[in-house]
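Excluded from the calculations below are hydrogen atoms, water molecules and symmetry mates; all remaining heavy atoms, backbone and side chain alike, are included. In each ligand, atom 1 is the first atom listed, and ligand 1 is the first ligand listed.
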Amino acid sequence: MKTEILPLNSSSAKKAAELIHSGNVVAFPTETVYGLGASVFDKEAVKKIFAAKGRPADNPLIVHVASKDKICTVASEIPKKAQIAIDTFMPGPITVVLPKRKEISPLVTGGKDTVGVRIPEHKLARMFLEECDCPIPAPSANSSTKPSPTTAKHVFDDLNGKIPLILDGGACLGGVESTVISFCTETPTLLRPGLITLEMLRDALGEVDVHPSVLENCKVDSVASPGMKYKHYSPKARVIIVSGSAETVCSLYDSALELSKRPVILWNEKDKDVLGSRAHYWLIEHNCISSAARNLFALLRQVDDEGFDTVFITAVDKKDEGLSVMNRMLRASAFTVLDDSSSLQDLKTALQING
Ligand code: AMP
Ligand code: MG
């Protein structure tokens with residue numbers, strides 16, 4: 001199959017909607033990452049999403065709608081606190097998990113009786129959704145396990161030949177996937193952190209629980225947020241988080257070089273003086289954590305493109321947007337964190353070097 005890339009405008013949105021209504025999948029931009037959508041009412045098309053991505057069938061899809069009045073076409077009930085979240089944060093980078101209507105196939109919800117619903121803030125994304133005139137389940141438009149795509153080129157790199165159309169809306173401004181919060185638990189529960197932060201949610205809603213999978217490698221009760229149990233966001237290179245001083249990052253880099261690795265550091269621009277000539281990219285620009293969210297996935301892809309095999313990333317504070325950045329970094333690194341007390345042997349273990 002030939003994969004076409006078209007700039008997203010009213011005529012390409014019409015073409016995309018026609019493809020959707022004839023049983024195809026289409027990739028489209030949002031303010032978080034690119035999504036891969038199909039009609040919610042077309043089971044065969046929904047299966048194509050899972051096939052193109054290589055996504056496990058029990059990992060639910062987020063259903064995208066164009067406006068608030070459409071939420072009740074997928075959800076059977078909107079609890080009071082969910083309504084507050086909808087009124088406060090939508091459209092925006094947030095997904096609310098609600099009881100599903102029976103018309104929504106379990107194929108979409110990974111077999112669950114709940115459904116995640118989202119209204120993108122991205123105006124062109126909403127234009128595409130309005131043109132489709134039906135709810136659009138859409139996970140991130142990457143191959144499963146790869147970093148989520150934040151440009152049309154990332155989608156093309158993963159799905160060329162597997163989908164007919166990518167709508168190009170430029171680089172995503174947010175860069176990490178939506179916040180996911182469930183209103184199907186007694187207290188609202190944060191299942192995945194994002195750019196609508198825990199602090200913002202607690203300001204608006206009062207008490208909000210945090211699911212353990214947000215920051216831990218949670219294998220047991222991962223059913224609440226299936227996506228969190230899979231390997232995620234991984235480039236080919238080995239990612240190692242360093243929760244320590246700038247000097248520790250540099251000495252780990254130097255040791256990796258001596259072990260014949262090709263390391264690179266994802267770094268805070270403000271610490272540039274410590275770096276010397278070590279290979280690096282700026283993860284955090286102008287000391288602003290939102291830039292780390294925007295840059296992380298694109299940089300994880302770039303390190304592979306440039307042939308680096310070892311990536312050191314400095315840990316960030318787990319507050320505000322930092323929680324979503326650490327959540328993605330921990331998964332990309334398979335929860336590998338070194339610190340000031342780590343030895344050469346710890347580095348070798350992290351790099352899977354024997355002896
Ligand atoms: P993706 O669209 O690839 O970013 O993945 C969507 C993620 O949202 C899933 O992996 C789940 O973790 C979460 N999610 C979506 N729908 C539900 C739901 N009904 N219940 C719990 N989590 C959900
Ligand atoms: Mg995804």
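Closest heavy-atom approach to atom 4 (O) of ligand 1 within the set H211, R118, R192, K53: this belongs to R192. The heavy atom nearest to atom 2 (O) of ligand 1, considering only G110, S182, P139, P60, is found in P139. The heavy atom nearest to atom 18 (C) of ligand 1, considering only L61, L36, T114, is found in T114.
At a 4.0 Å cut-off, not a single heavy atom of T109 sits close enough to ligand 1 to count as contact.
In the vicinity of G116, heavy-atom distances shorter than 4.0 Å reach the ligand 1 atoms 16 (N), 19 (N). Within ligand 1, counting atoms from 1 as listed, the ones closer than 4.0 Å to a heavy atom of V115 are 19 (N). Taking every non-hydrogen atom of L191 and a distance limit under 4.0 Å, the qualifying atoms of ligand 1 come out as 21 (C), 22 (N). Listed by atom number, the atoms of ligand 1 under 4.0 Å from N59 heavy atoms are 9 (C), 10 (O). Near S140, with a cut-off below 4.0 Å to any heavy atom, the atoms of ligand 1 are 1 (P), 2 (O), 3 (O). Numbered from 1 in the order shown, with element, the atoms of ligand 1 that lie under 4.0 Å from a heavy atom of I62 read 6 (C), 8 (O), 15 (C).
Between the side chains of N295 and E285, at least one donor N or O lies within less than 3.5 Å of an accepting N or O. At a cut-off of 3.5 Å, with distance as the only test, no side-chain donor of T349 or D346 sits close to an acceptor on the other residue. Side-chain atoms of T248 and D340 include a donor-acceptor pair closer than 3.5 Å.
Residue K43 places its NZ atom among 12 or fewer non-hydrogen atoms of other residues, nucleotides or ligands, all under 6.0 Å distant.
Under the side-chain hydrogen bond (donor to acceptor under 3.5 Å, both in side chains) test applied with R301, the options T150, D158, T151 reduce to a single match, D158. Partner T310 forms a side chain to side chain contact (heavy atoms under 4.5 Å, CB included) with one of L351, V239, L257 and no other, that one being L351.
Between F128 and F28, the ring planes lie tilted relative to each other; the angle falls in the 30° to 60° range.
Contact annotation: for V97 versus ligand 1, heavy atoms closer than 4.0 Å belong to the side chain alone. If you look at V33 next to ligand 1, there are no close heavy atoms at all, none under 4.0 Å. The residue K100 has no part lying near ligand 1, judged by heavy-atom distances below 4.0 Å.
Ion pairing between R278 and D254 holds under the 4.0 Å rule for side-chain N and carboxylate O. At a threshold of 4.0 Å, the pair K47-E44 counts as salt-bridged, since one of the basic side-chain nitrogens sits closer than that to a carboxylate oxygen.
Distances from the Mg ion (ligand 2) show that S140 has an N/O/S atom below 2.8 Å.
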